[in-house]
2 protein chains.
Amino acid sequence: MNPSKGEQTRRLILDRALTMAGEVGLEGVSIGALAEETGLSKSGLFAHFKSKEALQLEVLQEAITRFTVQVLQPVLATPRGEPRVRRLFDKYLEWIRGDDARRGCIFQKLTSEYAGRDGAVRDRLVQSQKDWRDAIMRAVQGAIDEGHFRRDLDPAVFAHEMLGIAMVFQSAWRLMREADALPRAQAIFDALLARSRSVP
Amino acid sequence: MNPSKGEQTRRLILDRALTMAGEVGLEGVSIGALAEETGLSKSGLFAHFKSKEALQLEVLQEAITRFTVQVLQPVLATPRGEPRVRRLFDKYLEWIRGDDARRGCIFQKLTSEYAGRDGAVRDRLVQSQKDWRDAIMRAVQGAIDEGHFRRDLDPAVFAHEMLGIAMVFQSAWRLMREADALPRAQAIFDALLARSRSVP
DNA sequence: TTACAAAACGACCGATCGTGCTAAATTCGC
DNA sequence: GCGAATTTAGCACGATCGGTCGTTTTGTAA
């Protein structure tokens, strides 16, 4: 068994902590509740991390890693150009919809939580959001280079609009619980794609 | 002095609680910290409310009232049609930028906080967001009726896109602290206006 | 000014917070 | 299977949580 016992436990803790953070935020994940969730004692759990902030940073990093695997990697396996941009959006919506354990985009939750705060967690979060926006812009630039998108299209503006569609989708889906949130978001993104295309 | 002493204190509490809620969320506003902020004792403060949830509901209502006064009312004093839609957006961005005391749009914070939760606070929040979106849609419909906007424009889609622009602005402005967040949001909204106009 | 009501206080409840310490249990290399 | 290293538990700490007392101060109307 290559992964040591400690490492196994560590992964379990981060997994549960990530789920909890999606519900109550990173500050809201208490050591006691997390210990109960994982079946460990409070002190036994705490021994894996030097402080609560260190735990928060590791949970954030876990989220970033999962986002990379579940969204970015599949997208890079898609042909450059408009198809890749499309898939970027689809995978992003899939991420936002989440699954049984992880409901909603945790980055959006953390964005609200850490706007106006300072510290290492915010810094890491800001960097991850910049990276994500850059990834969108690169995909858009690729579509421009392929001749799929207009040459005068601003990738930054496209990214801004796409993020907006996704954020409103998350709000409509998770808070308002509107049934037609998904098709509406897709329709608006289709319109964004349409007006981004180069005239034939 | 018509406003009784109790009412004065009550207003003071709600004012400070609103500021704090903008920073740490409604759940994050603790009775103790709020008491210290207002210079009251914990029990003296708590006596004004039956429970913490009742306090949260009143704080939310206070936010709704202020939004109505600072955003909705000035907009209704603006000529119907595209000018009113423009002003709606400008006033909204102004609200999001906030002032010394209230930094950022508290509704966005609460949207993240109460997505996935249940209860009276969430219900009230959902209703307020629906009301706000309806107000946008009415303004857009007015612009269509005036002949400023295309007749085939979907007010719901316009509202969705406008909310998206505003949400990304808040993220870029408050979390990322990007200096050009405001002009970018305005430019994207200008483009939205441009493609909403009826062809002359 | 007096009498009553409204408002604020201080002390306290059980529970939980993050974080130490030490000791026991477990895992792991040999 | 033994010894060393790692992992976990037990316990305690000061602080704070939302909330409830009974009491005292303050505002207000007659």
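Numbered from 1 within each chain, the chains take letters A, B, ... in sequence-line order.
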Just checking, is any N or O donor in the side chain of Gln141(A) or Asp145(A) under 3.5 Å from an acceptor N or O on the other one?
yes
Rounded to whole angstrom units, what separation is found between the CD atom of Glu27(A) and the C1' atom of dC17(C)?
13 Å
Hey, is the side chain of His48(A) poking within less than 4.0 Å of OP1 or OP2 on dT6(D), counting only N and O atoms?
no
Find the distance Phe49(B):CZ to dA8(C):P and express it as a whole number of Å.
11 Å
Please identify each residue that fulfils side-chain hydrogen bond (donor to acceptor under 3.5 Å, both in side chains) with Arg103(B), with sequence neighbours left out.
none
Quick check: closest heavy atoms across Leu72(A) and Ala135(A), and the distance to 0.1 Å?
CD2-CB, 4.1 Å
To the nearest angstrom, the CD-P distance between Glu7(A) and dT8(D) comes to 11 Å
Using the test side-chain contact (heavy atoms from CB on, under 4.5 Å), find all partners of Asp100(B) that sit at least two apart in sequence or belong to another chain.
none
Apply side-chain hydrogen bond (donor to acceptor under 3.5 Å, both in side chains) to Gln127(B) and list each qualifying residue two or more places apart in sequence or on a separate chain.
Asp131(B)
Take atom CZ of Phe46(B) and atom C1' of dG10(C), then tell me their distance rounded to the nearest Å.
16 Å
Nearest whole Å is fine: how far is dC17(D) P from Lys52(B) NZ?
8 Å
Please report, rounded to the nearest Å, how far the C1' atom of dA15(C) is from the CD1 atom of Ile31(A).
17 Å
Set of side-chain contact (heavy atoms from CB on, under 4.5 Å) partners for Glu82(A), sequence neighbours left out:
His148(A), Phe149(A), Leu193(A), Arg197(A)
With sugar-phosphate meaning primed atoms plus P, OP1 and OP2, does Ala47(B) contact a base, only sugar-phosphate, or nothing at under 4.0 Å between heavy atoms?
nothing
Residues forming a side-chain hydrogen bond (donor to acceptor under 3.5 Å, both in side chains) with Arg138(A), sequence neighbours excluded:
none
Among the nucleotides dG18(D), dA7(C), dT19(C), which one has an atom lying closest to any side-chain atom of Ser4(B)?
dA7(C)
Residues two or more places apart in sequence or in another chain: which of them pass side-chain hydrogen bond (donor to acceptor under 3.5 Å, both in side chains) with Gln70(A)?
none
Please compare Ser30(A) and Lys50(A) by the position of their nearest nucleotide in DNA chain C and report the one closer to 5'.
Ser30(A)
Any residue meeting side-chain contact (heavy atoms from CB on, under 4.5 Å) with Lys42(A), in chain and number order, not counting sequence neighbours
Ile31(A), Ala35(A)
What residues from residues 9-26 of chain A pass a heavy-atom cutoff of under 4.0 Å to DNA chain D?
Thr9(A)
Enumerate the residues from residues 32-44 of chain B whose closest heavy atom to DNA chain D is under 4.0 Å, giving them by residue number; use none for an empty result.
Gly32(B), Lys42(B), Ser43(B)
Could you state the CG-C1' distance from Leu45(A) to dT19(C), rounded to the nearest angstrom?
12 Å
In whole Å, I'd like the distance from the CD atom of Gln8(B) to the C1' atom of dG27(D).
11 Å
